[in-house]
Structures are given as C-alpha cells and as structure tokens.
Amino acid sequence: VAYLVVFHILFVLFVWTYWKSVFTLPIQPGKKFHMSYADQERYENEERPEVQRQILAEIARKLPVYTRTGNGGIRFCDRCQLIKPDRCHHCSVCAMCVLKMDHHCPWVNNCIGFSNYKFFLLFLAYSLLYCLYIAATVFKYFIKYWTVTRHSPEPWMSPEPACGELTNGRSKFHILFLLFVAIMFFVSLMFLFGYHCWLVSRNRSTL
C-alpha cells in the first residue's frame, strides 16, 4: 500500500507539472516596449541604418533595456515591432516574442520562458524522481529474474518454481523492459535537470 501511495503521489505531481508546462501560455513584453504608430512610421520611412539605430536608442532611453546587439545597437524585432527587453527572443514556432525565453521545447510543444520555467524545472525534477522510484521498485524483481533457481523437493517430482520466481516469460520481459526504460530516462533527465540547475545557479538561460 505504501508503494502505491508514493507512486500515485509522484504520478500526480508529474502529470500536474507537465500540464502546466504545456498549457501555460508564453508572455509577451508589455505595451511600453511596443513602438507607437508615429515611431513605427518614422523608423520604417528612414532608409539609413545609423539613423534607424538612433531612433531606437531614443525610444529605448526610457525603457529598462541593457542588453545590446553585437554592434552596440538596440535589440529590435521587425516581426513583432517591439524593442526586445533583456533575455527576450522571438520564437519562430510560436510566432511571437517571448519574455525571458529559454528554449522552445518539442516535448511539451511550448516555449519555456518567464511564465512556465518554474513548472518546467519541477516537471524535470518529478520525472527524475518518478523514473528513479520505478527503477528502484522493479530492481528486486530483476534480481530474482537472474538469481532465483527452480527447485524440486524430490527427484521424481516435477520441478516447482521457487518462492517469488517469475514463471511467465512475458512477465520477465516486461520487468526487463520497464527497468531499462526507467534507467534510460533517469540518466537522460539527470543530465538535463543538472544542466538547468547549473543555469539557474549562474542566473543564465539556454539562449
């Protein structure tokens, strides 16, 4: 009973964080980062790149923007028509600028950024614990699969399975497959979760 309780607690937490990672919508920068209609016309009508950089610098003077491009200019998104805040990037899959974007994750089919990065980290942590718990509870049956031998009380009697032995060939295959998959995902998630914990400790992001 205790095994089932712990299993279902981890399972519920795993599903909840996955749900939040998938269905929490990415957040765009606020309206103050969008160009006004007049500034947008002035920027688009200007053909000289140096003057365009000056226009963006004037607009960004009142905004909390510190990150610059490689040539020292203001980071501007032509598709969203906004000045990018620090750590904001345009996602080509979501077709929008995402605030504090880390990456677009194909496993959750969503952008991981300011709105759902916490849920993504929790999802990795609970997935790691979930795989570890499955591997740990299945491991003893895997040991029985290799070590338990059949015994017979008398030579003329038909052999009987030892106590706890898995007699069904399919059950042995299921145990082996489940342990292999749990360990495989555990190792992969351990490196991914460790990498993101390192990024958090350094106040950095993937991009």
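For clarity, every value in this text was computed on a predicted model and none was experimentally measured. All heavy atoms count here, side chains included; hydrogens, waters and symmetry mates do not.
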Under 3.5 Å: donor-acceptor pair, side chain of Asp86, backbone of Tyr66: yes
Should the pair His8 and Phe11 be assigned to parallel (<30°), tilted (30 to 60°) or perpendicular (>60°) ring geometry? perpendicular
Evaluate whether atom NZ of Lys100 has more than 12 neighbouring non-hydrogen atoms of other residues, nucleotides or ligands under 6.0 angstrom away. no
Counting heavy atoms not belonging to Glu47, are there more than 12 under 6.0 Å from its CD? no
Tell me if the CZ atom of Arg204 is crowded by more than 12 foreign heavy atoms within 6.0 Å. no
Between Gln81 and Met35 (side chain of the first, backbone of the second, donor and acceptor by atom type, cut-off under 3.5 Å), is there such a pair? no
Candidate pair Asp102 and Thr206, rule side chain to side chain donor-acceptor pair (under 3.5 Å), full reasoning: CA-CA 5 Å; Asp102 188 83; Thr206 303; 2.7 Å; yes
What do you reckon, is OH of Tyr43 surrounded by more than 12 foreign heavy atoms closer than 6.0 Å? yes
Using 30° and 60° as the class boundaries, would you call the ring planes of His196 and His103 parallel, tilted or perpendicular? tilted
OH/Tyr126 to CG/Leu121 distance, rounded to the nearest 0.5 angstrom? 11.5 Å
Contact between Val200 and Tyr117 at the side-chain level, heavy atoms closer than 4.5 Å - yes or no? yes
State whether the side chain of Asn109 and the backbone N or O of Val22 hold a donor-acceptor pair below 3.5 Å, judged by distance alone. no
Could you tell me how the ring of Phe7 sits relative to the ring of Tyr133: parallel (under 30°), tilted (30 to 60°) or perpendicular (over 60°)? tilted
